[in-house]
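Working notes, structure below.
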Amino acid sequence: MRFFGILIVSFIFNFYGFAQENENSTGTKEIKFADGIFLNFDQVKNNSPVPKSRLITTTGYNDRDFFYELTKSKAISFFDNYGTKQTVETKSIWGYSNNGVLYIYLNSTFNRITFVGSISHFVANLTTYNNNYYDPYYYNSYSYYRNTYPYYPSDRQTELRQYVLDFKTGKVYDYDEKSVSVLLMNDPELHDEYEALRRKKKKQLKFYYIRKYNERNPLEINNQ
């Protein structure tokens with residue numbers, strides 16, 4: 001199982017490397033975000049985070065693990081535009097940017113958005129719990145008593161999931177055919193082209209159409 005997980009991660013990194021190479025060849029302008037924390041999606045769209053210089057922390061600003069250390073705590077304190085100290089729960093912020101790279105808070109962790117565009121794509125771990133316990137009225141031929149079996153702790157399962165982010169609304173979708181179809185509606189011609197495909201082709205060409213959409217509808221961000 002562990003080996004299978006390594007293969008998946010390897011595939012994803014190779015996939016993004018291929019995508020980045022092709023993106024550079026199209027001449028798409030590089031999108032770089034200002035470093036800091038984003039309290040909400042409007043700050044992301046305006047590329048106006050709370051800068052590192054206003055964040056209150058004991059970690060040095062040049063420390064390579066600055067944001068990792070910052071987001072480990074339950075709350076983040078900073079000075080607002082008026083010099084007043086503010087404190088917010090870490091889980092309440094949208095995300096942060098480190099070295100120009102965007103990270104989004106989802107599924108209780110911060111996840112790197114590797115492919116940025118009007119429709120962005122990223123992967124994140126999703127942890128689910130399966131409560132396993134025995135019914136107190138469970139019948140066992142070897143026992144004449146109820147509630148003989150103890151309760152068992154929940155099974156914890158973590159899996160890699162793919163997601164897409166709509167930079168127009170800030171909404172996050174599962175990476176599937178239905179979501180891609182919804183996002184392509186902003187480009188009716190491309191949406192009709194995608195909808196005309198057979199089900200198998202829709203599944204195979206999801207990322208191709210996301211890239212095509214981004215080329216036709218480039219993301220405009222205020223680069224600082």
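Quick note: numbers below take in every heavy atom, side chains included, and nothing from hydrogens, waters or symmetry partners.
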Could you pull out the closest heavy-atom pair between [X] and [Y], with the gap in Å?
| X | Y | value |
| --- | --- | --- |
| N99 | K32 | O-CE, 4.2 Å |
| S118 | L219 | OG-N, 3.4 Å |
| F167 | G117 | CD1-O, 3.4 Å |

Set of residues satisfying salt bridge (charged side-chain N to carboxylate O under 4.0 Å, His left out) with respect to K168, sequence neighbours excluded: none
E189 atom CD, over 12 foreign heavy atoms within 6.0 Å: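 Not buried by this count: 12 neighbours or fewer within 6.0 Å.
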With salt bridge (Lys or Arg N to Asp or Glu O under 4.0 Å) as the rule and sequence neighbours excluded, what pairs involving [range] come up?
| range | answer |
| --- | --- |
| residues 77-101 | none |
| residues 59-69 | E69-K72 |
| residues 169-188 | D187-R216 |
| residues 197-208 | E195-K202 |

Kindly compute the distance separating [atom1] ([X]) from [atom2] ([Y]), expressed to the nearest 0.5 Å.
| X | Y | atom1 | atom2 | value |
| --- | --- | --- | --- | --- |
| L70 | I37 | CG | CD1 | 6.5 Å |
| N98 | K52 | CG | NZ | 6.5 Å |
| L102 | I221 | CG | CD1 | 8.5 Å |
| F207 | N214 | CZ | CG | 8.0 Å |
| N217 | L184 | CG | CG | 9.5 Å |
| L55 | S77 | CG | OG | 9.5 Å |

Check against side chain to side chain contact (heavy atoms under 4.5 Å, CB included), L205 and V180: CA-CA 10 Å; L205 297 176; V180 172; over 6 Å; no
Listed partners of N40 passing side chain to side chain contact (heavy atoms under 4.5 Å, CB included), at least two apart: D42, Q43
Side chain to side chain contact (heavy atoms under 4.5 Å, CB included) partners of V182, counting only residues at least two apart: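 In terms of side chain to side chain contact (heavy atoms under 4.5 Å, CB included), with neighbours along the sequence ignored, V182 is linked to Y173.
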Using the rule that Ile, Leu, Val, Met, Phe, Trp and Tyr join whenever any side-chain heavy atoms are under 4.5 Å apart, tell me whether [X] and [Y] fall into a single cluster.
| X | Y | answer |
| --- | --- | --- |
| Y105 | V88 | yes |
| Y208 | I119 | yes |
| Y194 | M185 | no |
| F110 | F78 | yes |
| V116 | V44 | yes |

Whichever hydrophobic residues join F79 through chains of side-chain contacts under 4.5 Å: I56
Under 4.5 Å side-chain linkage, directly or through intermediates, the cluster mates of Y82: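 For Y82, no cluster forms, as it stays isolated from other hydrophobic side chains.
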Test item: T90 side-chain N/O and T71 main-chain N/O as donor-acceptor pair under 3.5 Å: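 Checked: no pair found.
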Within a strict 4.5 Å, meaning less than it, do heavy atoms of the [X] and [Y] side chains meet?
| X | Y | value |
| --- | --- | --- |
| I76 | T87 | no |
| S97 | Y103 | no |
| D166 | T169 | yes |
| V123 | R161 | no |

From CA spacing to verdict: side chain to side chain contact (heavy atoms under 4.5 Å, CB included), Y209, L197: CA-CA 11 Å; Y209 274 88; L197 298 175; 3.6 Å; yes
Y175 ring center within less than 6.0 Å of F122 ring center: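 Ring centres of Y175 and F122 not closer than 6.0 Å.
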Check: Y163 ring centroid to H121 ring centroid under 6.0 Å: no
T127: partners by side-chain hydrogen bond (donor to acceptor under 3.5 Å, both in side chains), with sequence neighbours left out: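 T127 satisfies side-chain hydrogen bond (donor to acceptor under 3.5 Å, both in side chains) with T158 once adjacent residues are dropped.
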With N62 via side-chain hydrogen bond (donor to acceptor under 3.5 Å, both in side chains) - residues at least two apart: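 Testing N62 for side-chain hydrogen bond (donor to acceptor under 3.5 Å, both in side chains), a comparison that skips the adjacent residues, returns none.
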Residue pairs fulfilling ring pair (Phe, Tyr, Trp, His ring centres under 6.0 Å) with at least one residue in residues 47-76, sequence neighbours excluded: Y61-F66, F67-Y96
Test side-chain contact (heavy atoms from CB on, under 4.5 Å) applied to P51 and P49, S48, S53, the passing residue: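 When P49, S48, S53 are each tested with P51, the side-chain contact (heavy atoms from CB on, under 4.5 Å) holds only for S53.
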Residue among T109, T114, N107 satisfying side chain to side chain donor-acceptor pair (under 3.5 Å) with N111: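 Looking at T109, T114, N107, the match for N111 under the side chain to side chain donor-acceptor pair (under 3.5 Å) is T109.
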Full working for side chain to side chain contact (heavy atoms under 4.5 Å, CB included) between F33 and V101: CA-CA 6 Å; F33 293 87; V101 178; over 6 Å; no
